[in-house]
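First the proteins, then the strands, lettered A, B, ... as listed; each starts at 1.
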Protein chains: 2
Amino acid sequence: MATGRTHRPATRSRGIPEATVARLPLYLRALTALSERSVPTVSSEELATAAGVNSAKLRKDFSYLGSYGTRGVGYDVEYLVYQISRELGLTQDWPVVIVGIGNLGAALANYGGFASRGFRVAALIDADPAMAGKPVAGLPVRHTDELESIISDNGVSIGVIATPAGAAQQVCDRLVAAGVTSILNFAPTVLAVPDGVDVRKVDLSIELQILAFHEQRKAGEDVNQPGQGARTTASRTGSTRPAGAAAARDGRKGPDGDVPAVMPA
Amino acid sequence: MATGRTHRPATRSRGIPEATVARLPLYLRALTALSERSVPTVSSEELATAAGVNSAKLRKDFSYLGSYGTRGVGYDVEYLVYQISRELGLTQDWPVVIVGIGNLGAALANYGGFASRGFRVAALIDADPAMAGKPVAGLPVRHTDELESIISDNGVSIGVIATPAGAAQQVCDRLVAAGVTSILNFAPTVLAVPDGVDVRKVDLSIELQILAFHEQRKAGEDVNQPGQGARTTASRTGSTRPAGAAAARDGRKGPDGDVPAVMPA
DNA sequence: ATGTCTTTGTGAACGCGTGCACAAAGATGG
DNA sequence: CCATCTTTGTGCACGCGTTCACAAAGACAT
């Protein structure tokens, strides 16, 4: 999960659990694919497989939306596409601004998934005056000075931050002050926002680090105890101190070259 | 959060909960920043604030790694940086290949967070022959034909997929066959992989859809009728679909089909 | 040494999410 | 109209994750 929710203690929004909301786009994608192939109905089992989830979970998720299935038959594909789209708020058009038109910002601007899903890129904004006017993905890049007026004029409520980490909080503040209440943050920083503003974070390097953890674990399984049965609940309580912890403490001395000292920009 | 875990029923890897592992990179980032400012020690409260989490949660997370703090004082910044780096497997150098050098792939290649955090981009791979040899982020793009040999020669175990959705599964299969056991997938597709292979998914459009859901909820708190725009100023252009299932049932639903032909590529 | 003060480490309770398993509902065929 | 078969919708139990609250541990001053 490259995800990170800020605030919001897992509030059950209108009775729909957060975990379910996070899966609805997944279902929607699978359903849209079926729709394009003119498949009229689909069972929870088939759809679950296509979406990569458990069928019981899928049925429970749908039960939060209402009883949209027919027992013995399954779900009407078109109908379900509409219901989920409506629930997610995709039946309306959301104007979005992207701030920070570097490599990533340009990639986002060109991302087809936005336009095709109820989102419209209202403007691309960058702080570099040299970028101003330059067309990216068919849109002229606007300068940061125009940020407030762009948001106000277009009624933008969702902003995407693709700036360097150092500029993110400042951009965030301006977006919020101008009226944006939902932010998708690609900068590797924790954003501080007032209550009522949603922030979702996508952090590329964090995802890789999590993968590295599991990769290391796989590699170390052979070296250490190859025990398949090593998953006992034995170490549940008590300090599960790794055997090498004591030795590691010796290395405390200081400046090891191992530790990368450079933050990602 | 742009994250999505595939498979793996929340296995508690070596006693460290998945949720904790996912937060370690966050702590590491905050700690590295402190380290650069030569801060010697930090309390759980301060660090928790910097990382954007609850202090009790942070202490419990660290307790899974061992007792690395000093009561009454806090945690030694340098020592903790090393411990977390080691736990995440970042004290070694992970060679990574990026497949699909479109907009997103190029952005990833240029992303500083990779190189500075124990990851090394071993190669950039693209299926387009016209791209071959072209330098991106200082590396010459290699053709897909070389995929297997690149992975084998460099001992790559982590692959990043930034191709269009249609090519993702095929690329994935080849990566896995060549020996890759961890995949970071940016293509909007559910990847099927054999046991033992980890897949993490980053899906840009899903994140936006989740934001839209909450945004709609905020806007519609007073209004019951769906499809109500949030901000009062601008008229929300668009497809305010005639409510009702009937309208939905006559072909062509929402924006348009999913699976954008052009991926974040 | 002794007392005070700060901060960690964790036991325990609670709530959310997941998955099983099954009854109810409806389709379908005779 | 009845029997059978398929698939939904959900009650229930279980486990993970989060949070509170506090005792234990150490630093520091006197």
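Going from atom OH of B:Y27 over to atom C1' of C:dT8 covers 15 Å, rounded to whole Å. Note: CG (A:L58) to P (D:dG9) measures 10 Å, nearest angstrom. For the pair A:K57 NZ and C:dA21 P, the interatomic distance rounds to 17 Å; values are reported in whole Å. Following rounding to the nearest Å, A:Q83 (CD) and D:dT8 (P) show an atom-to-atom distance of 17 Å. Separating the CG atom of A:D61 from the C1' atom of C:dT18 is a distance of 10 Å, rounded to the nearest angstrom.
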Study note, to complete from the structure: Letter by letter from the 5' end, nucleotides 21-28 of chain D scores (B base, S sugar-phosphate only, - none; protein heavy atoms under 4.0 Å) B--BB-S-
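Contacts of B:D173 classified as side chain to side chain donor-acceptor pair (under 3.5 Å), with partners at least two apart in sequence or in another chain: B:Q169. Listed by chain and number, the residues in a side chain to side chain donor-acceptor pair (under 3.5 Å) with B:D61 are B:T20, B:R23, B:Y27 (sequence neighbours excluded). Looking at residues two or more places apart in sequence or on another chain, you find no side chain to side chain donor-acceptor pair (under 3.5 Å) involving A:T41. Applying the side chain to side chain contact (heavy atoms under 4.5 Å, CB included) test to A:T189 and every residue at least two apart in sequence or in another chain returns A:A165, A:A168, A:A187. Under the rule for a side chain to side chain donor-acceptor pair (under 3.5 Å), the partners of A:S43 that lie at least two apart in sequence or sit in another chain are A:E46.
With hydrogens and angles ignored, the 3.5 Å screen pairs no side-chain donor or acceptor of A:K201 with any backbone N or O of A:F186.
Between B:S43 and B:K60, the one whose closest nucleotide on DNA chain C sits nearer the 5' end is B:S43.
Within 4.0 Å of A:F62, counting heavy atoms only, lies no atom of the nucleic acid at all.
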